[in-house]
Amino acid sequence: MDTLSQFKNELEAEYQTTRKFFETYPEEKNNFAPHEKSMKMLPLATHIAEIFEWPNTMLSTSELDFGSGDYQPKQLSTRADLLQTLDKNFKFGKEALENATENNLNETWALKNNGEELAKWSKYESIRHALNQITHHRAQLGVYYRINDIPLPGSYGPSADHQAF
């Protein structure tokens, strides 16, 4: 099985769908959150854009420790920043998949906080988790859009905003 090729195809498809969402991103709603415990819209969108780089991090390291200070979330402010970050991170993620071998996917990768292991997977499982995170968080963003009457682009076919009835 050519898992890396499948990952590249899936990352590309998720990138194209996410880019459609970001092209209509409402800058005036950067601080919108549907609940006090919910992430605000811009940090959520930024997080989605950052996930596209994760295959690169996962394939080039054995762990990420949030407590070490090496990871700092980006602070974006505009739709243009969001699209630029998405494009750049997609490129890094795709190139990492193009340069990896199937055997690299068997290696271990861990997520930690101050040395405490939060999760440990094979790199295959880590990348699969990252791709799932893109879908999950983009669905959250879709709810934010819907609450604010922002038409939703189709994800895996037309949305209710783009269907002909």
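Model, not experiment: these values are computed from the prediction.
Between the Thr17 side chain and the Ala13 main chain, a donor and an acceptor come within less than 3.5 Å of each other. Formation of a donor-acceptor pair under 3.5 Å by the Lys123 side chain with backbone atoms of Trp109 is not found in this model.
When all heavy atoms are compared, the tightest approach of Thr24 to Ile150 is O-CG2, 4.3 Å. The minimum heavy-atom distance between Trp54 and Ala130, with the atom names listed, is CE3-CB, 3.6 Å. Heavy-atom minimum distance, Asp149 versus Pro151: O-CD, 3.7 Å.
Atom-to-atom distance recorded for Phe52:CZ and Lys88:NZ is 14.5 Å, nearest 0.5 angstrom.
Between the side chains of Glu12 and Gln16, at least one donor-acceptor pair of N or O atoms lies under 3.5 Å. Inspection of the Glu102 and Thr3 side chains reveals an N or O donor paired with an N or O acceptor under 3.5 Å. In this model, no donor atom of one side chain and acceptor atom of the other lie less than 3.5 Å apart for His136 and Gln133.
Listed by chain and number, the residues in a side chain to side chain contact (heavy atoms under 4.5 Å, CB included) with Asp87 are Tyr15, Arg19 (sequence neighbours excluded).
The 12-atom threshold is not exceeded at NZ of Lys91, counting heavy atoms of other residues, nucleotides or ligands nearer than 6.0 Å. Annotation: Phe92, atom CZ; neighbour count of heavy atoms from other residues, nucleotides and ligands within 6.0 Å does not exceed 12. Summarising the local packing, CD of Glu23 is surrounded by more than 12 heavy atoms from other residues, nucleotides or ligands at distances under 6.0 Å.
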Show your reasoning for whether side-chain hydrogen bond (donor to acceptor under 3.5 Å, both in side chains) applies to Asn104 and Thr101. CA-CA 5 Å; Asn104 294 138; Thr101 67; 3.1 Å; yes
Starting from the C-alpha separation in whole Å, work towards a yes-or-no answer on side-chain contact (heavy atoms from CB on, under 4.5 Å) for Leu59 and Leu105. CA-CA 8 Å; Leu59 287 164; Leu105 298 176; 4.3 Å; yes
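Ring geometry for Phe32 against Tyr144 counts as perpendicular: the plane angle is over 60°, on a 0 to 90° scale with 30° as the lower cut.
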